[in-house]
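Working notes, beginning with the structure itself.
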Amino acid sequence: MTIRVRFAPSPTGMLHIGGARTALFNYLFARHHGGQFLLRIEDTDRERSTPEATQVILDALDWLDLKSDEPPVYQSTRYARHREVVEQMLAAGTAYRCYCSREELAELRAEAERSKKPFRYDGRWRDRDPAEAPPGVDPVIRLRAPREGETVIHDLVQGEVRVRNAELDDMILLRSDGTPTYLHAVVVDDHDMAISHVIRGDDHLTNTFRQAQIYDAMGWARPNFAHIPLIHGADGAKLSKRHGAVSVLQFRDEGYLPEALCNYLLRLGWGHGDAEILPRDQQVALFDLDGVGRAASRMDYAKLVHVNAVFLRAAEDERLAADIVARLARDHGFTVGTEAAGRIAMLMPGLKERARTLAELAESALFIVREAPLPMTEKAAALLTEAARDDLAALLLDFDNTDFSKAALHEAMKAYAEREEKKLGAIAQPLRAALTGSTVSPPIDAVMEALGPIEVRKRIFAVLGE
Ligand code: GLU
């Protein structure tokens, strides 16, 4: 069997991380089995499905590196085909026109409410002669669903799930304005796209019974179904904005790396022994549906931060530096020139050891782009005592006799400390305060090397008040 899966988001203005995880599972499943991963934009809700909303999804998937193997299919372009299938069903007698008026349906609904039963259309036009149709009523088209027996789904995650057909009514396939219903459109599209496995959130499980009935009515082979449990907040409630970020692009803006978010989302609901950190190629090698758990997972933001820190340390310095330059401009209003960008890149190995997100990383790089005099943290200011300032002034002279390489600067500091019978830290910490405005930074010799002699002098002079 050729494995073909799809991610089928409705463009609603964001890609939720639950959706991102569904996309990831589909993608990994396709890659693991040498199949194809496709994208279908379910843009049938005319109000919400704007080109901008679609672009948000495409951007988010791009960022997560979950690219479709074929151009995306837009559901709204396929109405003619959805109608054509309904015509075939009418001809075959597996669907029928229903001329029920709004009032009749309202009455049925009210009756169900009175008797506290779920509303079910009673099939009154199922066998009625269309010649009896009232004039001027545009009919809806309904599936002639089986009434006996059961519809059974062998779900690859949930196991066998079944429903008595008597509990399902004759669903609408085509509305009276000729537009297909969502359930119908999905089946026709999945069939035409030759989808072998439908992997989606378990909120769609109940739809599956109805969709299975459409496949059966058309005599089409059903795809395999796999319904994955949803992601909840730490409190067990449905994940929402009040728990923290839920939109993929918000995670991007808050400074998460796409590979970290993917790794985290993968582990949320799928496991392979104790393996926590897995590069994409290993994810592809190991992922299969049998590792997907049945219980809802809980979003743990602290864990995500931890995973992000691990990926941050492993990320390439140039890539991080480019991101930080953009972030300093966007979030902090600094236009970073080439000289400063070079300094950021040079200090990246030390900076990334101390940050957990790109936002923290950008903050830790602020001292590089600021102009002297730097703003000081309270702790940093307290280190710059009279004696410390004397040390700084003397040190500057010693630094002038070096080539300003990290090693030479380190030697100069050490020699000075020995000469003055002070601990190296007692020299390095005020220096750090003067050069970074803070008590934490990458190693101070590396900072000095990156800033260069002119900038180091400027910053020390600013502290000395000269
Ligand atoms: N468009 C649906 C959604 O956004 C998904 C439909 C499906 O995967 O079958 O929830």
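Atoms within each ligand, like the ligands themselves, are counted from 1 in listed order.
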Check each protein residue for a heavy atom under 4.0 Å from ligand 1 and list those that pass, ordered by chain and number. R6, A8, P9, S10, E42, Y182, V186, R200, H204
Quick check: closest heavy atoms across L328 and V369, and the distance to 0.1 Å? CD1-CG1, 4.0 Å
Is it the case that R21 and S297 place a side-chain donor and acceptor less than 3.5 Å from each other? yes
Compute both the distance and the angle, then confirm whether R6 meets the cation-pi test with F37: under 6.0 Å from the six-membered ring centre, within 45 degrees of the axis. no
Check ion pair E107-R114 (N to O, under 4.0 angstrom): yes
Identify the two heavy atoms, one from L358 and one from Y256, that lie closest to each other, and give their separation to 0.1 Å. CD1-O, 4.3 Å
Contacts of Y96 that satisfy ring pair (Phe, Tyr, Trp, His ring centres under 6.0 Å) - sequence neighbours left out: none
